[in-house]
Amino acid sequence: MPSKITTRFAPSPTGYLHIGGARTALFNMLFARQTGGDYLLRIEDTDRKRSTPEAIKAITDGLEWLGLMPDKKPVYQSKNFEQHVAIARKLLAEGKAYHCYSTPEELQEKRKKARAEGRSIRYDGTWRHKTPSEAPSDVQPVIRLKAPTTGATVIMDCVQGEVKVDNSQLDDMIILRSDGTPTYMLSVVVDDHDMKISHVIRGDDHLTNAFRQTQLFNALGWQAPIYAHIPLIHGSDGTKMSKRHGALGIEKYREMGYLPEALINYLLRLGWSHGDDEIISIKQAVEWFKLENINKGAARFDFGKLSALNGNYLQTIDNDIVIQLIGKHSKIDKTFNLRLKKGLSSLKNKSNTILELCDNAHFYLCNRPVSIEADALKFLNSDALVYLEEIKTRLKFLSTWTEEEIKSEINHYIRAKNLKLVQLAQPLRAAICGTTVSPSIFEVLYALGKEEALGRISDVAR
RNA sequence: GACCCCAUCGUCUAGUGGCCUAGGACAUCGGCCUUUCACGCCGAAAACACGGGUUCGAGUCCCGUUGGGGUCACCA
């Protein structure tokens, strides 16, 4: 184990921060924090055509929302361009790399043919042995690494264990493009080395890259980092999340009303576990996190469980903050705010997400007259309208508008009329909320305030 | 296709050779509570992919089969 742990999350800013990336960032952070090491962010923006400032913002916004920003300033890979090129030149000068004059078109053609004939589509090393004198004058060459042709490359992966691949399976990778820019493979290796990254924790889809990168590290005479390839998160259909398969930007989860702490907890439990523990705080996670407890198999993303977890966290969030969050989805004026303060607690345990909460709080967030759903309308029959008129009159004379008083008055009334509570409660609910479902009717009456409550009853009972 | 990885309830998982009559969570179903819906509580159904080994003993170790996934760019 290296003396100091340094990890990095290295997204390429070509789109939003997706769920898998967020988990990768989480694991990197957890692992570094636990040992008091550094957790860094490196923006891999070497593809100038596809990288955008909007994507960088989306990624950092997402990380910030989740609490996964690094302590130190992000490193922009493009800034290390010169260094990457210099390393490529050094390899060339040392004879560990060579110019290759095959054009992309030629390569494409060869690959097509190889595939058709069922042969390997790897680069055949044509230019590995040719001399500069044979070079065509009209082609800008790329630089390829002279990779070992015999033996095998082995990585000791913290999650996957020992993984070995025959060097015959790996071709001579391009490290510098014909336009003189470094490729991903080179940039990653140089930056990981320069940033003293001790552990590379990333998605399983990079596992095969690890072999090429190891070859580069070897050629450079550098110590390769320790790898941990974490399994991918699959969509509900069991395949890799892609834009077509539910790979949403993190901001979408926020818009759907999920809490960052719930999402973090969910992501943490997806592929990692600590016995039977389900609800785990970030603080606890830092303490418990171990790479060896990461599962090897991919996990499917399940909104149901996320929602349940979110509902759990929602209970623990301060009401004032919850009201603010509701405010992002629907307008809350002073009156509404007052109502929510009184009625929010019982509303919270009916809801898993902020969006559901908004839905359930709808009757607090509108003014008279309340629109009444068809199902609720059925409770407003002629008998019910009489009850409503009578209870309205009684409630009008209440001197103090508290839940207790309201409850006691209503109880008196139903006893006098020999009614069951439900016979009055449902019509009341229909009139007051416009729905068949709500928290305790006493509470709703109270939270709404006397004037509004009686007004709503009047609206239907005339 | 080649290479690599993976495999416990529907889903996420516990399990590191005897503590497993396979545990928990979500979802599902039933019951209780109840002014409605929820919450909560109690309970049920539900899994070691298959076949061979190794072992006194296998969910756990080995091999094969099957199934699933990932990677094969002058993208990252």
Side-chain angles (χ1 to χ4, degrees), chain A residues 10-14 44-47 49-51 77 100 102-104 107-108 111 114-116 118-122 140-144 157 159-161 163-166 168-171 173-185 187-188 203-211 229 231-232 234 236 238-240 266 269-279 292-293 295-309 311 315 346-352 360 376 379 407 410 414 420-426 428-430 433 435-442:
Chain A
S12 63
T14 53
E44 308 220 317
D45 56 348
T46 50
D47 185 345
K49 284 187 283 271
R50 295 202 305 149
S51 298
Q77 188 159 62
C100 165
S102 297
T103 62
L107 260 19
Q108 188 82 34
R111 270 197 288 268
R115 193 179 282 273
R119 286 184 293 113
S120 158
I121 57 173
R122 276 167 261 119
Q140 278 297 317
V142 299
I143 295 179
R144 283 181 188 270
D157 193 279
V159 175
Q160 308 294 340
V163 190
K164 188 171 18 171
V165 99
D166 249 37
S168 62
Q169 297 297 325
L170 273 9
D171 59 3
M173 76 191 100
I174 294 175
I175 55 177
L176 206 69
R177 300 187 189 97
S178 52
D179 64 0
T181 60
T183 60
Y184 160 78
M185 222 54 89
S187 299
V188 170
D204 210 2
D205 51 342
H206 281 285
L207 185 63
T208 49
N209 287 337
F211 295 101
H229 288 91
L232 267 17
H234 284 167
S236 46
T239 59
K240 188 185 183 183
Y266 178 71
R269 281 289 286 105
L270 214 53
W272 176 88
S273 59
H274 182 269
D276 285 339
D277 293 302
E278 296 284 348
I279 309 275
E292 66 197 72
N293 290 332
N295 266 161
K296 292 173 147 197
R300 295 186 190 205
F301 191 88
D302 179 16
F303 271 105
K305 192 149 183 179
L306 206 212
S307 283
L309 206 47
Q315 306 307 318
S346 45
L347 230 35
K348 278 204 304 192
N349 69 12
K350 311 168 79 66
S351 323
N352 280 335
N360 291 331
F379 287 103
K407 184 173 185 178
I410 286 177
I414 58 170
K420 294 207 159 157
L421 179 52
V422 65
Q423 290 175 278
L424 180 61
Q426 282 306 71
L428 258 179
R429 200 163 346 248
C433 308
T435 58
T436 57
V437 171
S438 84
S440 155
I441 193 65
F442 310 123

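Numbers restart at 1 for each chain; the letters A, B, ... are given by sequence-line order, proteins then strands.
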Between [N] and [M], how far is it from one [atom1] atom to the other, in whole Å?
N: B/A47; M: B/G15; atom1: C1'; value: 13 Å
N: B/A58; M: B/C42; atom1: C1'; value: 35 Å
N: B/U8; M: B/U34; atom1: C1'; value: 39 Å
N: B/G57; M: B/G52; atom1: P; value: 15 Å
N: B/A7; M: B/C50; atom1: C1'; value: 12 Å
N: B/C12; M: B/C48; atom1: P; value: 16 Å
N: B/A22; M: B/A46; atom1: P; value: 11 Å
N: B/A49; M: B/G59; atom1: C1'; value: 12 Å

message: Under 4.0 Å from OP1 or OP2 of B/C6: is there any side-chain N or O of A/Lys296 that close?
response: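 Result: yes.
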
message: Just N and O in the side chain of A/Thr46: are any of them under 4.0 Å from OP1 or OP2 of B/A76?
response: yes

Heavy atoms only, 4.0 Å cut-off, all strands: where does [X] land among base, sugar-phosphate and nothing?
X: A/Glu278; result: base
X: A/Pro11; result: nothing
X: A/Gly271; result: sugar-phosphate
X: A/Ser102; result: base
X: A/Ser307; result: nothing
X: A/Ser51; result: nothing
X: A/Lys420; result: nothing
X: A/Val142; result: base
X: A/Arg300; result: sugar-phosphate
X: A/Phe442; result: base

Integer-rounded Å distance: [N] [atom2] and [X] [atom1]:
X: A/Leu306; N: B/A25; atom1: CG; atom2: P; answer: 18 Å
X: A/Leu170; N: B/C4; atom1: CG; atom2: P; answer: 11 Å
X: A/Phe211; N: B/C5; atom1: CZ; atom2: P; answer: 7 Å
X: A/Asp302; N: B/G10; atom1: CG; atom2: C1'; answer: 9 Å
X: A/Leu107; N: B/A73; atom1: CG; atom2: C1'; answer: 9 Å
X: A/Gln315; N: B/A38; atom1: CD; atom2: P; answer: 15 Å
X: A/Tyr266; N: B/U11; atom1: OH; atom2: P; answer: 12 Å
X: A/Ile414; N: B/U36; atom1: CD1; atom2: C1'; answer: 14 Å

Could you list the protein-to-nucleotides 70-72 of chain B atom pairs, N/O on both sides, closer than 3.5 Å?
{"unit_1": "B/G70", "atom_1": "OP1", "unit_2": "A/Lys240", "atom_2": "N", "d": "2.9"}
{"unit_1": "B/U71", "atom_1": "OP1", "unit_2": "A/Lys240", "atom_2": "NZ", "d": "2.6"}
{"unit_1": "B/U71", "atom_1": "O2'", "unit_2": "A/Thr208", "atom_2": "OG1", "d": "2.9"}

message: Under 4.0 Å between a side-chain nitrogen and a carboxylate oxygen: does that hold for A/Lys305 and A/Asp302?
response: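 Looking at A/Lys305 and A/Asp302, the cut-off is not met.
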
Scan every strand shown for a Watson-Crick or G-U wobble partner of [N], both distances under 3.5 Å, and answer none if you come up empty.
N: B/G57; result: none
N: B/G40; result: B/C32
N: B/G51; result: B/C63

Looking at the side chain of [X], which of [options] is the nearest nucleotide?
X: A/Lys305; options: B/U13, B/A25, B/A76; result: B/A25
X: A/Val163; options: B/U35, B/A76, B/C5; result: B/C5
X: A/Arg429; options: B/U36, B/A76, B/C39; result: B/U36
X: A/Ser178; options: B/C5, B/C74, B/A76; result: B/C74

Please check: side-chain N/O of [X] versus main-chain N/O of [Y], any donor-acceptor pairing under 3.5 Å?
X: A/Arg122; Y: A/Gln169; value: yes
X: A/Ser102; Y: A/Leu107; value: no
X: A/Glu44; Y: A/Tyr184; value: no
X: A/Asp157; Y: A/Val159; value: yes
X: A/Asn295; Y: A/Gly297; value: no
X: A/Ser273; Y: A/Gly275; value: no
X: A/Arg111; Y: A/Ala114; value: no
X: A/Asp204; Y: A/Leu232; value: no

- prompt: If each of A/Pro141 and A/Ser346 is mapped to the nucleotide of RNA chain B with the nearest heavy atom, which maps nearer the 5' terminus, i.e. the 5' end?
  reply: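 Upstream on the strand: A/Ser346.
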
message: On RNA chain B, does the nearest nucleotide to A/Asp179 precede the nearest nucleotide to A/Ala298 from the 5' side, or the other way round? Give the residue.
response: A/Ala298

- prompt: Hey, what's the ring geometry for A/Phe303 with A/Phe301, parallel, tilted or perpendicular (30° and 60° as the breaks)?
  reply: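 Plane angle over 60°, so perpendicular.
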
Pairwise N/O distances under 3.5 Å, protein to nucleotides 62-64 of chain B:
none

message: Holding to side-chain hydrogen bond (donor to acceptor under 3.5 Å, both in side chains), I want the full list of residues that pass it with A/Gln426, two or more places apart in sequence or in another chain.
response: A/Arg429

field: Those residues that, when tested against A/Lys407, pass side-chain hydrogen bond (donor to acceptor under 3.5 Å, both in side chains) (two or more places apart)
entry: none

message: Please enumerate all residues that pass side chain to side chain contact (heavy atoms under 4.5 Å, CB included) together with A/Ala298, with sequence neighbours excluded.
response: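 So A/Ala298 forms a side chain to side chain contact (heavy atoms under 4.5 Å, CB included) with A/His234.
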
- prompt: Which atoms form the tightest heavy-atom contact between A/Asn360 and A/Ser351, and what is the distance?
  reply: ND2-OG, 2.9 Å

query: Where is the tightest heavy-atom contact between A/Ser178 and A/Gln140, given as atom of each residue plus distance?
result: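 Scanning both residues completely, I find the closest heavy atoms to be CB-O, 3.3 Å.
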
Please write out each protein N/O paired with an N/O of nucleotides 14-18 of chain B under 3.5 Å, distance rounded to 0.1 Å.
{"unit_1": "B/A14", "atom_1": "OP1", "unit_2": "A/Ser273", "atom_2": "OG", "d": "2.6"}

query: What about A/Ser440: does its side chain form a donor-acceptor pair under 3.5 Å with the base of B/U35?
result: yes

